[in-house]
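Step one of this worksheet: look at the structure below.
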Amino acid sequence: MQKRSVVHGLAFLALGALIAAGAPVAPTQAQPGRQVRELVLVTWPQAQDPQQYEAARIAAEGMRRLGLRVTVRTMPWEQLADYIWYSRQKWDMTTWQMVGRPERSDPDELLVNLFSSSTAKDGYNFIGFIDPKYDEIAQGQREATDLTTRKKLIVQAQEIIAGAQPYTFLVNPKSIYAFNNQVWDPATIVEQKGIGIKNFWTFDGAAPKGAQKDMVLNAQDPVQAINPLYISGKVDSWITELIWDRLVRIGPDGLPRPWAAGAYKWLTPTTIDVTLRPGMRWHDGTPVTADDVIFSFTAPKGGKVPMYRPFVANIADIKKLSATTLRFTLAKPSAAFLTSTLGKINLVPQHVWAPMLQSLEGKKENAESLQEKAPIGSGPFKFAGWTRGQEVVLEANPEHWAAPKMRRWILRTVSNVEAALGGLRNGEINFLSDYLGDPAVLARLSSQDPRITVIASTDIGMQFIAYNERRPPFNDADFRRALSMVIDRNMIRLVAYKGYGVLADSPVSQALEFWHAPNLPQYAYNVAAARDLLKKAGYEWDPQGHLLYPASQTETLEVAR
Amino acid sequence: MTRSSTRWIAQRLAQMLLVLWVVATLLFLIFRLMPGNPLAAYIDPNFTADQQQALIHEFGLDLPLWQQYLIFLRASAAGSMGQSFFYHAPVAQLVWEALPNTLILVLGAVIIAFLIGATAGAFLAWKRGTALETAGISLALAVRAAPEFWVGMILLAVFSFSLRWFPTSGTASPGAQYASLWRQLTSPDFLRHLALPLVTLVLYLQGLPLLLMRSNMLDVMEEEFIVMARMKGLPERRILLRHAARNALLPVVTAFALVVGYSLQGYVVVENVFSWPGLGRLLVKAVAAKDYPLAQGAFLLIAALAIFMNLAADLFYTWLDPRVSYAKR
Amino acid sequence: MRSGSVGALPRPGQTWAGWRRAAGTLWGVLQHDRFAFAGIVIYALFVLIALSAPLLTPYDPQQTIISGDQLMANRPPSRAYPLGTTNVGRDIFAQLVYGARPALAVGFVAAFFVALIGTSIGIVAGYYGGWLDAVLMRLADVAFGIPYLPFVIVLVAFLGPSLWNIVLTMALLLWKDTARVVRAQVLTLRERGFVEAARVLGSSPRRLMLVHLAPNVLPIALLYGSLAVGWAILTEASVSFLGFGDPARISWGYMLQDAYISQALSGGAYNWFIPPGVCIMLVVMAGYFISRGYEELLFPRLRRR
């Protein structure tokens with residue numbers, strides 16, 4: 001029937017279009033013999049992270065000088081995170097970063113989570129680095145409450161990593177922030193080690209010079225939630241830090257100091273007494289009690305606060321010794337307890353949250369789906385308003401013992417980076433708190449306009465290239481060391497990071513001067529030396545210059561998909 | 001209205017619902033069939049396997065596809081669009097908050113674009129054959145041919161960064177508070193924030209009404225009654241305004257509804273450039289973050305508006321032009 | 001939609017006469033209408049640029065230029081770099097010139113598919129009528145109802161950020177205007193007994209559609225095709241701007257996005273931000289000009305100036 005032929009024709013057309021669209025996706029066969037397969041380096045698209053993308057490109061260029069065939073493949077970050085996290089057998093190498101957070105001022109979290117064998121299967125050790133000696137040392141530093149012993153162990157751990165090169169460390173980036181020095185007294189702007197000037201101490205202590213008493217900041221992404229029991233986006237944490245207090249805070253020097261806790265004392269490696277500061281009040285007027293504090297640390301233990309649960313898992317018991325003193329008993333000694341737990345858990349009012357958590361019993365939702373209309377905390381700022389997608393307004397809490405000097409703290413969502421710069425110039429914004437653009441542009445702006453001060457600080461975080469040790473040749477430490485020597489890290493620092501970063505050589509950032517190990521091997525860019533290293537390890541090259549495995553090995557894997 | 005026309009309207013409404021259902025199903029399938037773990041963006045790597053499972057269960061993603069679909073249909077019919085993964089808030093609430101900002105920008109832009117475009121189109125038709133007309137048409141087409149975000153960024157750079165006449169982002173100044181929505185919308189602060197995104201959209205949209213009006217005017221001016229009026233000795237301008245324009249306006253007016261529907265898509269980039277908190281920006285963020293419920297909800301609302309506008313355009317046209325018979329459709 | 005004048009019924013035995021006549025008329029339009037002519041000239045110019053890109057610039061668009069020991073970043077326009085360099089040291093003029101290739105490729109391929117799909121569906125729906133017509137028109141309704149750019153974004157997120165996925169998505173949605181208009185034209189032709197006469201003369205449906213109907217709707221196909229070139233290029237630019245574009249190809253949309261995320265405007269680098277936009281504008285405008293030429297053909301009243 002003619003109609004059928006027409007329908008066939010249309011279907012053929014559609015099919016042809018689909019085939020044409022799918023044509024580039026053809027699987028590559030495994031290479032026979034000793035030739036190393038084509039390796040794939042995955043990274044963020046240029047739009048989402050121009051620095052990592054550029055770093056990947058330069059790294060791939062370097063690796064090709066070893067006779068390797070390398071492809072750079074981009075994926076949107078959600079897909080990338082998914083791929084790296086859940087398909088641990090499939091990928092070869094990826095660019096990655098560890099973001100600097102105040103809690104990471106203590107190297108415990110990164111050293112253990114990234115390289116301990118316990119997190120290899122489904123935790124942060126997605127590269128599959130297994131080293132029993134390292135596990136021993138990592139565990140040891142966790143339990144060493146004596147500072148000197150602990151520091152020695154931490155240095156040792158870094159030396160093992162530097163030798164094994166499970167990552168090629170690229171840079172500790174510099175975080176760049178700017179503020180209007182006609183509005184804010186520069187003497188009151190605090191630079192926190194490894195964090196920069198955008199930190200709690202600046203917000204708490206910045207003194208307005210003139211008529212403008214509100215701090216207006218910017219963020220590129222909208223605020224997701226204002227919830228003390230939820231670690232949502234990075235922007236949200238700026239807000240929770242201001243509305244809710246914690247027992248301990250990380251000071252500008254990177255070390256913990258008492259905050260809501262007036263004092264604390266270690267009795268044994270697993271027992272610590274904490275004394276509360278008197279006179280604290282919630283924003284609704286009711287006093288902060290020891291019961292509130294106990295509630296804040298026990299509520300996450302239930303199933304309804306999944307993100308904070310790991311941080312209270314080590315607390316075996318909390319005893320109320322008096323109206324102002326609590327005794328924490330830990331299951332295992334943890335030298336980082338002050339930073340990683342007492343410095344992280346938000347103090348929440350029991351009379352507000354107990355009924356809310358109670359209402360979740362038996363339902364499948366957890367605390368993250370709750371959102372107070374007017375969040376109540378005890379911190380130096382009170383919640384004043386939230387227009388979704390636009391701005392969050394906090395106002396100063398005059399009754400707090402560390403009451404802020406500014407009147408209001410206003411966070412604007414500005415999705416357009418150029419608009420943020422423009423806003424800084426014309427006074428709409430007086431503190432540039434989220435700037436992922438070209439640092440040279442900001443520097444030029446500052447040199448043209450003396451009202452704007454730009455401060456770049458080395459970050460706690462780091463950027464690196466991770467090698468999946470489940471897939472040869474990345475299980476060979478010599479191979480990894482050679483890779484580190486052909487990646488021109490200095491060019492990456494100059495081109496991808498525009499010079500705004502220091503070369504990294506350890507999971508512990510150079511910003512953490514106390515903990516960073518000195519004299520680690522540097523792996524300077526040297527193609528000849530890298531080839532030499534491979535030759536000594538048994539690798540060879542075929543007449544076309546392609547890298548071959550040592551004599552006893554053949555390529556067993558297919559190209560990563 | 002006659003009985004046949006009521007039936008026709010009912011038919012079109014039914015078709016509209018059908019189209020909406022197809023679009024919703026298509027959306028549902030696309031999101032569910034996307035590669036990768038849907039919750040990768042939301043699961044904290046610190047979670048144990050149990051906790052991850054609990055989260056998947058909470059979002060209903062462990063049910064078979066057809067069951068998820070039924071739940072989705074049922075919820076949509078009841079008016080609920082689910083819970084946003086990203087914001088942990090009802091999608092309906094988020095969409096409802098963003099909608100007024102979008103409507104104001106889009107409707108305002110279309111109305112102004114039509115006013116300016118139609119006037120300019122009539123003017124150019126009057127100046128037919130002159131160099132002015134050629135220049136005018138070229139200019140209108142040139143502006144229409146430029147990418148909206150490019151025009152927007154340039155306007156922003158010139159009028160906001162350099163001249164500082166307008167603010168750089170948002171719908172209101174930092175910390176501003178208003179007694180009511182009406183107060184906010186009529187405040188000078190809001191209008192200043194609205195100005196640049198509005199102008200960007202107007203520049204883009206003016207092309208269609210301009211060209212349409214011009215070509216219709218040219219048609220009408222050849223009509224017999226115009227020739228008659230000219231022979232009668234009436235002044236050219238009176239002919240233009242009283243007779244020609246009024247008749248030429250008809251198709252332009254009906255194109256209005258169409259253009260509203262059509263412009264509900266182009267403004268997505270404009271919202272991004274000016275950080276305007278409307279549906280477009282919400283949708284783009286939701287897609288990037290794989291927030292299915294929110295992306296679905298925003299998309300569906302935009303589609304519903306567009307389809308409704310289409311229907312309104314059809315209705316309007318048939319009402320205005322009784323020569324068109326229903327039977328032909 | 002008013003029906004324009006169409007060619008007369010071709011005599012039996014003259015299979016290609018209809019096509020030849022249509023081609024002749026279309027070519028005539030190009031020669032006589034100023035706008036259409038200007039459009040063709042612009043197209044020809046860009047095609048020439050795209051083809052001769054390696055001759056116009058010594059640099060590769062992806063190449064980061066290092067002179068001496070310094071990275072040539074953010075250089076203003078000079079003899080060595082006619083439009084200056086980007087913030088990672090790439091030559092802007094090279095990117096512009098090579099960027100014509102994906103732009104034109106996307107434009108023409110999308111336009112071709114849109115015209116082809118739209119015309120085919122329009123002819124089939126108009127000719128057969130009945131349930132096939134109803135189904136196809138409801139499909140067009142769905143395509144009308146789906147907001148264009150959001151759908152492209154969603155599908156590209158789904159299929160992956162490749163240039164051809166963007167083209168595919170456009171082909172899936174943009175045929176609706178062409179189809180509707182072609183169908184209306186076919187209905188008119190049907191009404192005028194055109195189709196009936198041909199069938200009486202013994203043409204099979206396929207022959208009828210190909211030989212008789214298609215040439216008569218060719219102007220419409222070309223009108224919407226040339227419009228589609230513009231839509232395609234603008235879509236690709238918008239999608240790239242939002243971050244969903246193809247990272248492997250330097251297109252004008254990619255350049256604009258690159259400039260945007262590198263704060264070109266705040267840095268005063270107008271030489272980076274303006275040229276790609278101007279190129280897009282010119283090519284899209286050319287498409288509009290050409291389509292206006294064919295509009296004249298369909299509405300011959302306007303030919304009298």
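In the text below, chain A, chain B and the rest are named by the order of the sequence lines, each starting its count at 1.
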Proximity breakdown for [X] and chain B, heavy-atom pairs closer than 4.5 Å:
{"X": "A/Arg425", "value": "both"}
{"X": "A/Gln371", "value": "neither"}
{"X": "A/Val393", "value": "side chain"}
{"X": "A/Val223", "value": "backbone"}

A/Lys121, NZ: over 12 other non-hydrogen atoms inside 6.0 angstrom: no
At their closest point, which heavy atom of [X] faces which heavy atom of [Y], and how far apart are they?
{"X": "B/Phe166", "Y": "A/Asn426", "value": "O-ND2, 4.4 Å"}
{"X": "A/Arg388", "Y": "B/Tyr87", "value": "NE-CD2, 4.0 Å"}
{"X": "A/Asn416", "Y": "B/Asn272", "value": "CB-O, 3.9 Å"}

side-chain contact (heavy atoms from CB on, under 4.5 Å) partner of A/Ser415, chosen from B/Ser169, B/Pro277, B/Ser275: B/Ser275
For chain A, the option from B/Asn101, B/Thr171, B/Leu94, B/Leu156 that forms the most heavy-atom pairs under 4.5 Å: B/Thr171
Chain A contacts, top residue of B/Gly278, B/Ala89, B/Ala157, B/Ala172 (heavy-atom pairs, under 4.5 Å): B/Ala172
Backbone N/O of A/Gly389 and side chain of B/Arg281: donor-acceptor pair under 3.5 Å: yes
Part of B/Ser162 within contact of chain A (heavy atom distance under 4.5 Å): neither
B/Leu282 versus chain A, the contacting section by heavy-atom distance below 4.5 Å: neither
Heavy-atom side-chain contact between B/Thr168 and A/Arg412 under 4.5 Å: no
